[in-house]
Amino acid sequence: MNPHEPKRHYKGIFTDTHNWDQFEHRAGDVFICVPPKSGTTWMQSICGLLIFGDPDVEISYPELSPWVDFSFSSKTTESRLAQLASQTHQRFIKSHSPLDGIPFSKDCTYIVGHRHPLDVHFSMWHHVQNMWLDQINHLYTDNTDANFRAFLANGIEGEGFDQPSLEFIAHHLKTARAMAHLPNVHMFHYQTMSNDLHGQMQRVASAIGVSHPPKLFDRLVSKATFESMKADAHLTAPGAKGGLYYDPSAFFNSGRGRKWVGKLNEVQIADYNAKIASELSADDVRYIETGLE
């Protein structure tokens, strides 16, 4: 069965969903569709651990899980697609794009993740400071107020896509909600994963159709903790082998929430509340901020 074509084309500083035009899906493919700094790398490693089932093997799961719609790299789209074509294991594929921007097929699995938008914003600030790339540094300066105004003002394409802006994060959730009734679309939240990694990894395993004996599963969960991934940053941080970061371990900053406390004042928080309320229903605001339905 051929996958449906993406319903919408998205173009950002780093992203171009036209890269999917030559993609050939396989039954069983797993698409990891998560906005930046919302648990993408975490979910890539979880899927890799579950699919390979070996907590001791040294594999860079982000390297096995290419970002097909990434357009700002010396590695071409053709080489990423060739990499996928050569893989014999169950493939797991990274994308930051909304679900309507990637190919969709009933015989594939879609793992969608979200995180409190304010945590995304401040996690992204730390991420940008740690990278050699400087294409979005103007959005993450030492001027917290200017950074935050851009976060609230930018749209869902251009620099607002890869920033990511609040409008993009909300749009990503809305496109996921529109498809969440489908049996092959599974939604996860960073906070819920932090609170119950074992239970959420069981959900991932069920979604992608793998299982492991309890003792082995416990070891796989242990390998997916924040502390373990930070310790193995030479493998787990995407781009670490290419020298993308000043410090690969700093890719994993703290893993904690409420990063905005002490950094935003009451007026800024009120502006955020007004903006997100204009983008999402009250139920969806609660979900994206807490993971609670």
Side-chain angles (χ1 to χ4, degrees), residues 1-12 15-21 23-40 42-44 46-47 65 67-70 84 90-117 120 155-157 160-162 164-193 200-209 276 278-293:
M1 177 170 54
N2 292 323
H4 298 294
E5 293 296 323
K7 295 179 180 178
R8 180 168 178 174
H9 170 233
Y10 293 94
K11 184 79 168 70
T15 301
D16 187 346
T17 57
H18 275 321
N19 290 4
W20 293 106
D21 291 350
F23 172 79
E24 295 183 6
H25 93 296
R26 288 182 196 160
D29 279 346
V30 178
F31 292 84
I32 299 168
C33 309
V34 183
K37 306 313 296 178
S38 300
T40 316
W42 196 5
M43 190 60 77
Q44 286 174 286
I46 287 171
C47 287
S65 173
W67 181 4
V68 171
D69 38 15
F70 184 52
L84 282 171
Q90 184 178 15
R91 305 188 304 183
F92 50 111
I93 306 161
K94 167 183 175 176
S95 178
H96 291 315
S97 301
L99 281 185
D100 62 353
I102 66 173
F104 188 85
S105 180
K106 292 180 180 179
D107 56 5
C108 296
T109 300
Y110 297 81
I111 304 289
V112 186
H114 293 97
R115 187 183 189 184
H116 194 304
V120 173
I156 62 175
E157 296 190 342
F161 187 106
D162 292 303
S165 66
L166 178 58
E167 186 172 330
F168 170 78
I169 295 169
H171 176 74
H172 196 287
L173 176 62
K174 285 188 282 190
T175 61
R177 286 294 201 200
M179 300 176 71
H181 63 285
L182 299 174
N184 59 334
V185 175
H186 307 269
M187 296 185 64
F188 293 83
H189 194 278
Y190 193 99
Q191 189 60 51
T192 310
M193 291 170 63
Q200 294 304 297
M201 280 186 65
Q202 287 179 323
R203 286 188 61 216
V204 177
S206 176
I208 66 178
I276 198 167
S278 72
E279 296 287 342
L280 297 173
S281 69
D283 287 344
D284 279 349
V285 171
R286 180 174 63 252
Y287 174 77
I288 204 166
E289 292 184 344
T290 67
L292 299 175
E293 294 286 0

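In what follows, residues are counted from 1 in the order of the sequence shown.
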> Residues two or more places apart in sequence or in another chain: which of them pass ring-ring contact (aromatic ring centres under 6.0 Å, His included) with F31?
Replying inline: W20, F23, Y110
> Listed by chain and number, what are the side chain to side chain donor-acceptor pair (under 3.5 Å) partners of T15, not counting sequence neighbours?
Replying inline: D162
>> Checking T17 now: which residues fulfil side chain to side chain donor-acceptor pair (under 3.5 Å) with it, not counting sequence neighbours?
In response: none
>> Holding to ring-ring contact (aromatic ring centres under 6.0 Å, His included), I want the full list of residues that pass it with H189, two or more places apart in sequence or in another chain.
In response: Y287
>> Once salt bridge (charged side-chain N to carboxylate O under 4.0 Å, His left out) is applied, do any residues pair with D16, and if so which ones, sequence neighbours excluded?
In response: none
> Of all heavy-atom pairs between A207 and I111, which one has the smallest distance, and what is that distance?
Replying inline: CB-CD1, 4.1 Å
> Shortest non-hydrogen contact from P103 to P6?
Replying inline: N-CG, 3.8 Å
> What residues form a salt bridge (charged side-chain N to carboxylate O under 4.0 Å, His left out) with D283, not counting sequence neighbours?
Replying inline: R286
>> Taking side chain to side chain donor-acceptor pair (under 3.5 Å) as the definition, give me every residue that meets it alongside R203, ordered by chain and number, with sequence neighbours left out.
In response: Q200
>> Tell me if a side-chain donor or acceptor on Q90 pairs with a main-chain N or O of I208 at a distance below 3.5 Å.
In response: yes
> Tell me the salt bridge (charged side-chain N to carboxylate O under 4.0 Å, His left out) pairs involving residues 91-102, sequence neighbours left out?
Replying inline: D29-R91
> Which heavy-atom pair separates S97 from H172 by the least distance, and what is that distance?
Replying inline: O-NE2, 3.3 Å
> Can you name the residues that form a side chain to side chain donor-acceptor pair (under 3.5 Å) with E167, not counting sequence neighbours?
Replying inline: none
>> Classify the ring geometry of F168 against F161: parallel below 30°, tilted from 30° to 60°, perpendicular beyond 60°.
In response: tilted
> Can you name the nearest heavy-atom pair linking P117 to I276, along with the distance?
Replying inline: CG-CD1, 4.0 Å
> Sequence neighbours excluded, which residues qualify as ring-ring contact (aromatic ring centres under 6.0 Å, His included) partners of W67?
Replying inline: F70, H96
> Does K174 have any salt bridge (charged side-chain N to carboxylate O under 4.0 Å, His left out) partners at least two apart in sequence or in another chain, and if so, which?
Replying inline: E279
> Does any donor atom in the side chain of H171 or Y10 lie under 3.5 Å from an acceptor atom in the other side chain?
Replying inline: yes
>> Evaluate S95 against D69 for side chain to side chain donor-acceptor pair (under 3.5 Å), listing each step before the verdict.
In response: CA-CA 7 Å; S95 178; D69 38 15; 2.8 Å; yes
> Among all residues two or more places apart in sequence or in another chain, which pass the salt bridge (charged side-chain N to carboxylate O under 4.0 Å, His left out) test with R26?
Replying inline: none
